[in-house]
Amino acid sequence: MNPLYAEMPTTIFEAMSALARELGAVNLGQGFPDARGPDAVIEAAVTALREGSNQYPPMAGMAELRRAVADHYRRHQQVDLDWASEVTVTSGATEALAAAIFALVRPGDEVLLFQPMYDAYLPLVLRAGGVPRFARLAPPDWRIDAAMLDQAFTPRTRLVIINNPVNPSASLFDAESLALLAERVIAHDAIVISDEVWEHLVFDGRQHIPLMRLPGMRDRTVKIGSAGKIFSLTGWKVGWMCAAPPLTRVIAKAHQFLTFTTPPNLQAAAAFGLAMADDYFTAMRDHYARSRDRLARGLLDAGYAVLPSAGTYFLSIDLPASGISADDVTFAELAVREAGVATIPVSAFYAEDAVRGVVRLCFAKQDETIDAGIARMKIARGLFVSN
Ligand code: PMP
Ligand code: GLN
């Protein structure tokens with residue numbers, strides 16, 4: 001057996017959701033909405049299941065979805081992609097990450113990761129034989145700075161993996177941070193996997209900046225997206241990766257031996273959804289911004305210090321600033337077991353030198369769930385603070 005996996009714990013998302021199910025806790029841990037999702041997109045999948053093909057679609061994805069991805073990014077992000085040579089459909093962003101990492105990392109290559117990092121990145125890099133190097137982001141602003149990059153880049157840096165908007169910190173990298181990064185990437189002739197699955201979940205009028213749009217980055221960026229996040233249908237596992245033809249050709253070869261292809265009906269429905277009018281995307285953002293504000297207000301009233309959330313399905317609480325001296329893992333354990341609310345300790349997103357005073361909560365929930373979560377969070381605070 002491979003010790004990498006034999007000794008690996010189960011991911012925090014699965015572990016917390018399993019505990020929530022077992023204990024009947026309100027689940028504000030793993031990031032998934034508890035509403036049904038957009039009817040029109042679900043109906044498009046039903047129609048495709050009944051009337052479309054149920055056989056293997058092409059390995060790179062159905063032309064209809066690949067075209068829709070290219071059109072969507074042209075319309076929403078001013079990124080120009082050739083659907084036929086630059087877009088590959090995958091089984092979720094997770095598979096896109098795996099294919100891109102396996103295709104681009106040679107054993108011994110250094111891979112720069114920004115902590116906090118999404119849980120799949122490091123195991124995939126290690127499985128590919130990559131040597132991780134970490135840059136550490138910290139609250140409250142989770143910014144990239146020049147000194148951090150100078151320390152993290154070396155002559156052996158081959159790949160950088162970045163997530164923007166960032167899960168779990170709910171922050172967006174500003175143009176200056178991205179420019180600093182792009183400058184180093186170009187100087188080191190490196191490639192970036194840019195995990196932009198949260199691209200449509202940006203609030204308060206903010207704009208997502210696709211890394212590909214920065215000068216010099218168009219042909220050295222692999223942009224990854226996910227229908228699960230765009231349509232609030234996280235179980236669908238339809239994703240895609242976009243990259244210049246020489247990168248796409250190699251990454252597609254890794255994809256062909258991971259899942260080869262992705263259910264055609266869900267691809268057809270994702271294509272339908274990506275072409276929906278702007279109203280859908282605006283309403284979706286407004287809806288989640290309201291949910292964010294509802295959870296934030298309730299937590300503030302309960303005595304928590306809430307960190308800003310500029311995007312994603314998440315916001316975080318700052319434990320020390322909330323008068324809680326326990327670390328995030330202790331808090332999350334007690335909160336789920338004694339107060340009946342599942343959350344995610346942010347230290348799980350660090351491989352070293354973890355931030356230990358921050359806990360992530362998911363607000364992509366119906367009002368009743370949010371209110372029940374707030375009530376349980378009040379109880380949780382009472383376990384740690386006596387007034
Ligand atoms: N990357 C990030 C940053 C995520 O937050 C997630 C899921 N929440 C994924 C990748 C995985 O996306 P998918 O479900 O499409 O595989
Ligand atoms: N991305 C989701 C989260 O951050 C979890 C996805 C998963 O469980 N693999 O909560």
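As the structure lists them, so they are numbered: ligands from 1, and atoms in each ligand from 1. Since this is a predicted model, take the numbers as computed values, not measurements.
- A centroid separation of less than 6.0 Å is found between the aromatic rings of His76 and His200.
- Judged by a 6.0 Å distance limit and a 45° cone about the ring axis, Arg67 is positioned over the six-membered ring of Trp83.
- Side chains of Asn27 and Ser17: a donor-acceptor N/O pair is present below 3.5 angstrom, by distance only.
- Between Asn167 and ligand 1, an N or O atom pair is found at a separation short of 3.5 Å.
- Checked by atom type, the side-chain pair Gln78/Arg213 shows a donor-acceptor distance below 3.5 Å.
- Close approach of ligand 1 to Val197 (heavy-atom distance below 4.0 Å) involves ligand atoms 1 (N), 2 (C), 3 (C), 4 (C).
- Residue contacts with ligand 1: Tyr313 is excluded, as none of its non-hydrogen atoms falls under 4.0 Å.
- Residues Phe153 and Val160 form a side-chain contact, since some pair of their non-hydrogen atoms from C-beta on lies under 4.5 Å apart.
- Glu199 and Gln77 are linked by a side-chain donor-acceptor pair at a separation below 3.5 angstrom, with hydrogens and angles left out of the test.
- You'll find the side chain of Val111 stays beyond 4.5 Å of the side chain of Ile101, heavy atoms only.
- Counting atoms of ligand 1 from 1 in the listed order, those under 4.0 Å from a heavy atom of Asn163 are 3 (C).
- At the shortest separation from atom 14 (O) of ligand 1 among protein heavy atoms lies Lys237 NZ, 3.1 Å.
- In terms of protein heavy-atom proximity, atom 7 (C) of ligand 1 is nearest to Lys229 NZ, 2.7 Å.
- Within the structure, ligand 1 lacks Glu95 among the residues with a heavy atom less than 4.0 angstrom away.
- At least one N/O-N/O distance between Asp195 and ligand 1 falls below 3.5 Å.
- Ring pair Phe314/Trp198: centre-to-centre distance below 6.0 Å.
- For ligand 1, the atoms closer than 4.0 angstrom to any heavy atom of Trp198 are 3 (C), 4 (C), 5 (O), 8 (N).
- Protein residues are said to neighbour a ligand when one of their heavy atoms lies under 4.0 Å from it; for ligand 2 these are Phe13, Gln30, Gly31, Tyr118, Asn167, Phe314, Arg360.
- With ring centers used as reference points, Tyr288 lies under 6.0 Å from Tyr313.
- Using modelled atom types, one finds a donor on one side chain and an acceptor on the other under 3.5 Å when comparing Ser91 with Thr262.
- Close approach of ligand 1 to Gly92 (heavy-atom distance below 4.0 Å) involves ligand atoms 15 (O), 16 (O).
- Of all protein heavy atoms, the one lying nearest to atom 11 (C) of ligand 1 is Thr94 OG1, 3.4 Å.
- Side chains of Asp279 and Thr282: a donor-acceptor N/O pair is absent below 3.5 angstrom, by distance only.
- Between Val238 and ligand 1, a contact under 3.5 Å exists for no N or O pair.
- Considering backbone and side-chain atoms alike, Tyr121 places every N or O at 3.5 Å or more from each N or O of ligand 1.
- In this structure, the ring of Phe331 has its center less than 6.0 angstrom from the ring center of Phe384.
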